[in-house]
K.L.:
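Once you've had a glance at the structure underneath, I'll fire off some questions.
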Amino acid sequence: MNNSVKLLIENNLKKALQEAKNSGLVSWEDLPPVFISQPKREEWGDLSTNLPFLLSEKWDLSTSEIAQILIASLQKEDFLSRVEFAPPGFINLFISPNYLHQTLENILTQKEGFTRFSYGEGRRVQVEFVSANPTGPLHVGHGRAAAVGDSLANILSKAGYQVQKEYYVNDVGGQIERLSRSVWARLEELEGRKVSFPEDGYKGDYIIQIAKEAKDGLRDKLPASCKSSQKTLKLLADFTIRKILDKIKEDLTRFGVKYDSWVTESGFHKGNQVSEVISSLKDKGFVYEKGGALWFKTSEFFKTEEDRVLRRKSGEYTYFASDIAYHQDKFRRGLNWVIDVWGADHIGYVPRLKAAIQALGYPGDSLRVIIYQLVTLKRGEKRISASTRKGEFVPLSQVLDEVGKEAARFFFLSRTCDSHLDFDLELAKKQTPENPVFYVQYAHARISSILNKAKNKGTKMPPLSKVKLDLLVAPEERKLMRELCLLPDIIKEVGESLEPHRLTVWLQSVATIFHQFYTLHQVIGQDEDLSSARLLLVKAVQICLRDVLNLLGISAPEKM
RNA sequence: GCGCCUGUAGCUCAAUUGGAUAGAGCAACGGACUUCGGAUCCGUGAGUUGGGGGUUCGACUCCUCUCAGGCGCGCCA
């Protein structure tokens, strides 16, 4: 269940420190946090620790004296074949062949369980992502949110969390009114009447399409006159939102994203939860009245922030107010941890929501907001601005048509959320054949092909215990085993740092080593023992490739 | 003006969260197929990590100043 080699080393280092203390070599009390990293050069080992540096600051001993103490203890462990002091203060660790062979066996018997952890301890976490306003189709930027949010959910569930994916629908407010007036105007045009299109309306062609559908779909309910009443607009709003949400769901499905729940903002107004949460904030003393409006004391939590309006002079609640009700509802549903994935254009909104949550009595870190930088669209040198209002945007569906789900997801997931990214449609299309995702998928398909061939030739795999894994001595074979051995730790770290892009880096490096192995070494047709060992190795590689690809929502094809 | 993010090879990006000689892909050039899939492999060139200063055994990473770009700063959502 826990295949972390770093944890194994860490425990041994702690044991070594304890032994040193017991035998009176040192008198130091606290154990420092142990950092184990993967060195850049092969001769520096499979893993290394800088513990001598850290300890020599606290103890009156040199790094080499400390290293000797630790090394003496570590050398006794049989999962390590070599332990060396590397001046000025590193200890380099070499994983033993036995342990690498054990890793292969673990992969084959545990399958995707090889990378599973239990540190989430069944705690309930929710990932809320995309949550685009139902005023238009999803665009490329939403694709980034979808890829990140969906993968994070997969990864956290590997870590032992109980994960829920949610989409929040902002179906009230001024934008919805603008939306329905836009459809109304298009409807009037269809009837041949002259209308001036609302200045602030939604100008995209999809509005015209929806108007056409409304004309048929709402035929009996729409008034014949050209006067737009509140009732008509409400009717149109409901119709339009439903149509747009259908399209959004369709795009998300194509992108491989499935939600556990869809929650509407209007629901919190209807259930009076918005007014309730505000009176409870008022009771706690975080709300005051000024200029006819109700204000929340953001400044009490963050000095640089200004107080924000909860209820307008007009008596209407702000988006902020209903969002507080929404987040309270999340915690009331029993969630221990809430992750929101937002675009950088919402950065300023983070402190006030965090403040509100703390005001309600929830710990500040029970909400984690992941901000991803916006996607800049380009077509060659030409920049395309993304505005749903003006109807100038590249819809996600078009990206899926042109580039495909696999490449799009891989692309979005191969950069950190902090980096702005240029999405060049020309390049994305052109790159398709040499896209990194195909390189990785090809490695997987190649393995499938080898395994099929072996099967067709009637090659029988001996029982696991009979396979002579010590025949795997080529550098490429060892490198592959090492990468597999380190995978659980990488997945663990990704679950903690919430940085899924590190998995695309791992995929590419393993695919590279596999392709090198493939060109240098024949799997089938070797001496029987060697063939068996290599078959087992590539099978393990395949399991891990598929596991990681699945975490990222990318398919692992048998053929391409 | 204030807050957040970014600046790394010609281009797009990594860099194990402060580690050792900063790495990949694309593009360019030169090689490798009668054997399991050439969507592959091998090699070559390409860098003052925007710039200055600081912190320490050690800095792309932290602090500070500065330049450039993006986003935000509504009784919009």
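Proteins come first, then strands; the chains are lettered A, B, ... in the order of their sequence lines, and each starts at number 1.
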K.L.:
Taking ring pair (Phe, Tyr, Trp, His ring centres under 6.0 Å) as the definition, give me every residue that meets it alongside A:Y167, ordered by chain and number, with sequence neighbours left out.
P.N.:
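Partners of A:Y167 by the ring pair (Phe, Tyr, Trp, His ring centres under 6.0 Å) criterion, ordered by chain and then number, come out as A:Y259, A:W262.
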K.L.:
Please determine if a side-chain N or O atom of A:R446 lies less than 4.0 Å away from the OP1 or OP2 oxygen of B:C41.
P.N.:
no
K.L.:
Heavy atoms under 4.0 Å, any strand shown: does A:D345 hit a base, just sugar-phosphate, or nothing?
P.N.:
sugar-phosphate
K.L.:
Within the structure shown, what part of the strands sits under 4.0 Å from A:K313 by heavy-atom distance: base, sugar-phosphate, or nothing?
P.N.:
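Base, at least one base atom sits under 4.0 Å.
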K.L.:
Using OP1 and OP2 only, check whether a side-chain N or O of A:H501 sits under 4.0 Å from B:C13.
P.N.:
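Checking B:C13 against A:H501, no side-chain N or O comes under 4.0 Å of OP1 or OP2.
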K.L.:
How far, in whole Å, is B:U8 from B:G69 if one measures between their C1' atoms?
P.N.:
16 Å
K.L.:
Please tell me which of the listed nucleotides, B:U12, B:C4, B:C5, lies nearest to the side chain of A:H420?
P.N.:
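Nearest listed nucleotide: B:C5.
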K.L.:
Which part of the nucleic acid does A:L486 contact within heavy-atom distance under 4.0 Å: base, sugar-phosphate only, or nothing?
P.N.:
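Nothing, no nucleic acid heavy atom in range.
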K.L.:
Heavy atoms only, 4.0 Å cut-off, all strands: where does A:Q508 land among base, sugar-phosphate and nothing?
P.N.:
nothing
K.L.:
Which is true for A:A445 with a 4.0 Å heavy-atom rule: it touches a base, it touches only sugar-phosphate, or it touches nothing?
P.N.:
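The residue A:A445 makes base contact.
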K.L.:
Does A:S509 have a side-chain nitrogen or oxygen under 4.0 Å from the phosphate oxygens OP1 or OP2 of B:A24?
P.N.:
no
K.L.:
Can you tell me, in whole Å, how much space there is between the P of B:C65 and that of B:A9?
P.N.:
26 Å
K.L.:
Under 4.0 Å from OP1 or OP2 of B:C73: is there any side-chain N or O of A:R308 that close?
P.N.:
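So the side chain of A:R308 is outside the cut-off, no N or O lying under 4.0 Å from OP1 or OP2 of B:C73.
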K.L.:
Take the angle between the ring planes of A:F90 and A:F53 and call it parallel below 30°, perpendicular above 60°, tilted in between.
P.N.:
perpendicular
K.L.:
Tell me whether the rings of A:W342 and A:H327 are parallel (<30°), tilted (30 to 60°) or perpendicular (>60°).
P.N.:
perpendicular
K.L.:
Looking across every strand, which nucleic acid part, if any, lies under 4.0 Å from A:E305 by heavy atom: base, sugar-phosphate, or nothing?
P.N.:
nothing
K.L.:
Tell me what A:A443 touches on the nucleic acid: a base, only sugar-phosphate, or nothing, going by heavy atoms under 4.0 Å.
P.N.:
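The residue A:A443 makes no contact with any strand.
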K.L.:
With rounding to whole Å, what would you report as the distance between B:G23 and B:A59 at their P atoms?
P.N.:
16 Å
K.L.:
Side chains of A:E305 and A:T298: do they bring a donor and an acceptor to under 3.5 Å?
P.N.:
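Their side chains do not contain a donor-acceptor pair, so the 3.5 Å distance test is not met.
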K.L.:
Return no unless some side-chain N or O of A:S37 is found under 4.0 Å from OP1 or OP2 of B:U16.
P.N.:
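Negative; the distance criterion is not met.
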K.L.:
Is there a Watson-Crick or G-U wobble partner for B:G10 with both distances under 3.5 Å, and if so, which one is it?
P.N.:
B:C26
K.L.:
When all nucleic acid strands are considered with a 4.0 Å heavy-atom cut-off, which category describes A:L374: base, sugar-phosphate, or nothing?
P.N.:
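The residue A:L374 makes sugar-phosphate contact but no base contact.
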K.L.:
Which nucleotide in the list B:A14, B:U21, B:G19 gets nearest to the side chain of A:R41?
P.N.:
B:U21
K.L.:
Counting any heavy atom closer than 4.0 Å, what does A:H521 reach on the DNA or RNA strands: base, sugar-phosphate only, or nothing?
P.N.:
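Base contact.
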K.L.:
Kindly indicate whether a cation-pi arrangement holds for A:R352 with A:F296, taking the cut-offs as under 6.0 Å to the six-membered ring centre and within 45° of the axis.
P.N.:
no
K.L.:
How long is the straight-line distance from CD of A:Q175 back to OG1 of A:T135, given to the nearest 0.5 Å?
P.N.:
5.5 Å
K.L.:
Evaluate the ring planes of A:F320 and A:Y349, with Trp represented by its six-membered ring, and classify them as parallel (under 30°), tilted (30 to 60°) or perpendicular (over 60°).
P.N.:
perpendicular
K.L.:
A:A344 or A:L54: which one's nearest nucleotide on RNA chain B is closer to the 5' end?
P.N.:
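Looking at the nearest nucleotide for each, A:L54 comes out on the 5' side.
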K.L.:
How would you label the contact of A:F320 with the nucleic acid (heavy atoms, under 4.0 Å): base, sugar-phosphate, or nothing?
P.N.:
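The answer is nothing, as A:F320 stays clear of every strand by at least 4.0 Å.
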K.L.:
How long is the line joining OH of A:Y439 and C1' of B:A39, in whole Å?
P.N.:
11 Å
K.L.:
Return the nucleotide paired to B:C75: Watson-Crick means purine N1 to pyrimidine N3 with N6-O4 or O6-N4, wobble means G-U with N1-O2 and O6-N3, both under 3.5 Å.
P.N.:
none
K.L.:
Which one is paired to B:C60, where only Watson-Crick or G-U wobble pairs with both distances under 3.5 angstrom count?
P.N.:
none
K.L.:
Given that A:P87 and A:S449 both sit by RNA chain B, which one's nearest nucleotide is further toward the 5' end?
P.N.:
A:P87
K.L.:
If you measure from the P atom in B:U48 to the same atom in B:C41, how many Å do you get, rounded?
P.N.:
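Each nucleotide's P atom is 29 Å from the other's.
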K.L.:
Identify whether any heavy atom of A:V350 sits under 4.0 Å from a base atom; if not, whether one sits that close to sugar-phosphate; answer base, sugar-phosphate or nothing.
P.N.:
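Answer is nothing: A:V350 stays at 4.0 Å or more from every strand.
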K.L.:
Considering every strand and a 4.0 Å limit on heavy-atom distances, what is the contact class for A:Q175: base, sugar-phosphate, or nothing?
P.N.:
sugar-phosphate
K.L.:
Check every atom of B:G37, B:C71, B:U40 against the side chain of A:K559 and return the nucleotide holding the closest atom.
P.N.:
B:G37
